[in-house]
Amino acid sequence: MTAATTHEPDLLAAFEETIARHDRIEPRDWVPERYRATLVRQIAQHAHSEIIGMQPEGGWISRAPSLRRKAVLLAKVQDEAGHGLYLYGACETLGVTREELVERLLDGRQKYSSIFNYPALSYADVGTIGWLVDGAAICNQVPLCRTSYGPYGRAMVRICKEESFHQRQGFELLATMMGGTEEQRAMVQESVDRFWWPALMMFGPPDADSPNTAQSMAWGIKRDTNDELRQKFVDMTVPQARALGVTLPDPELRWNEERGHHDFGEPDWAELAAVIRGEGPCNAQRIAHRRRVWEDGAWVREAAGAYAARPAPEVAP
Ligand code: FAQ
């Protein structure tokens with residue numbers, strides 16, 4: 001990706017034509033610096049979310065209620081690690097290194113999704129995270145398969161296939177618990193009550209307060225606005241909640257015949273802003289854990305780097 005200054009008007013015109021044709025921008029293409037910076041910001045935040053997102057559910061692997069549940073959860077959490085790696089790879093094509101990205105996460109310059117700053121307090125939360133959090137991720141990510149930057153869009157295609165499996169395993173776990181004892185049903189409802197509003201916040205601030213949406217839509221990085229995706233998620237989730245037999249904790253939630261969509265209440269935007277600022281229930285814990293495992297893994301990176309740097313052995317003719 002070249003940051004040429006000569007013939008910049010021609011290069012800019014070629015870039016804008018590609019965007020207008022809905023074609024893909026590839027790493028070899030010239031792009032405006034702001035397009036590159038916006039992509040690095042969004043893809044890095046997405047990659048960090050996948051990696052930090054392993055923590056809330058990961059804590060339950062050793063306490064899964066059966067061998068089957070443990071195998072499913074282990075595979076799911078490993079998938080999230082893989083998603084992080086695809087996304088770091090896509091981000092590296094924009095001229096940043098993995099080490100720089102991790103550094104920016106650990107020193108707070110880059111963020112990760114607010115949702116992972118809430119704790120997973122019961123095994124029902126494993127199901128709720130799959131159903132609501134992966135469900136919200138799918139709503140957000142399916143349109144990103146058509147994002148204007150090729151490596152990001154191709155990573156999203158693979159990720160979305162796995163996220164839809166994750167959502168189903170969460171739904172299946174909750175459906176099993178809802179068919180169980182009164183105590184299990186109460187656990188599911190309590191978990192849904194805690195996760196509903198934070199799940200709605202995953203889509204970002206309302207469009208009117210979103211500084212990046214208009215430009216990201218114009219560049220084809222985002223294909224839908226935050227509010228459009230939030231509405232799609234609510235419309236998709238309400239019938240699923242009915243099928244499960246859980247109540248969504250929003251007294252304003254109702255079908256609006258005229259709009260052909262559900263009306264719903266306003267999330268607490270001050271809470272979202274506080275969580276993004278680092279004041280959520282688990283922000284400090286999540287970053288401390290990430291820093292510890294990054295430091296503990298230093299010897300693995302050194303060993304892998306040393307092997308890669310070794311000259312190839314001479315082969316006798
Ligand atoms: N959390 O102007 P906008 C997953 C920030 S993956 C934290 O609207 P934009 C899989 C935003 O960055 C979940 N920060 O920004 C999984 C910006 O701040 P900045 C992650 C947020 O970029 C499941 C500022 O607020 N998915 O769950 C949040 O146009 C289960 C202004 O906002 C993605 O990242 C938030 N919720 O739209 C893993 C999808 N919302 O950067 C494990 C890709 C906003 O200027 C277990 N990302 N901010 O300092 C996107 O689609 C967009 O980046 C949005 C935000 C929609 C998140």
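For ligands, and for the atoms within them, numbers begin at 1 and follow the listed sequence. Since the structure is predicted, the reported quantities are computational estimates derived from the model, not experimental observations. Position 1 is the first residue of the sequence, and the numbers go up from there.
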inquiry  = What verdict does the ring-ring contact (aromatic ring centres under 6.0 Å, His included) test give for His48 and Tyr88, after you've listed the backbone C-alpha separation in whole Å, the side-chain angles of each residue and the deciding distance to 0.1 Å?
reply    = CA-CA 8 Å; His48 300 324; Tyr88 283 130; 5.5 Å; yes

message = Just to be sure I read this right, does ligand 1 sit under 4.0 Å from the backbone of Ser210, its side chain, both, or neither, counting only heavy atoms?
response = both

request  = Taking atom 49 (O) of ligand 1 as the reference point, report whether a protein heavy atom occurs under 4.0 Å from it.
outcome  = no

query = Considering only heavy atoms of Ala137, which atoms of ligand 1 have at least one such atom less than 4.0 Å away?
reply = 4 (C), 27 (O)

inquiry  = With heavy-atom distances below 4.0 Å as the criterion, list the atoms of ligand 1 near Phe116.
reply    = 4 (C), 16 (C), 23 (C), 27 (O), 30 (C), 38 (C), 42 (C), 46 (C)

note = With heavy atoms and a 4.0 Å threshold, my read on which part of Lys76 contacts ligand 1 is side chain

query = When the ring planes of Phe171 and Trp131 are compared, do they come out parallel, tilted or perpendicular, using 30° and 60° as the limits?
reply = perpendicular

task = Among all protein heavy atoms, pick out the one at the shortest distance from atom 18 (O) of ligand 1; state its residue, atom name and that distance to 0.1 Å.
result = Arg41 NH1, 4.4 Å

request  = Applying side-chain contact (heavy atoms from CB on, under 4.5 Å) between Met156 and each of Leu87, Val142, Thr147, report the one that passes.
outcome  = Leu87

message = Do Glu252 and Asp263 make a side-chain contact, defined as non-hydrogen atoms from C-beta onward lying under 4.5 Å apart?
response = no

ask   = Hey, is His83 touching ligand 1 through its side chain, its backbone, both or neither, going by heavy atoms under 4.0 Å?
value = neither

key: Distance flag for atom 54 (C) of ligand 1, protein heavy atom under 4.0 Å   = no

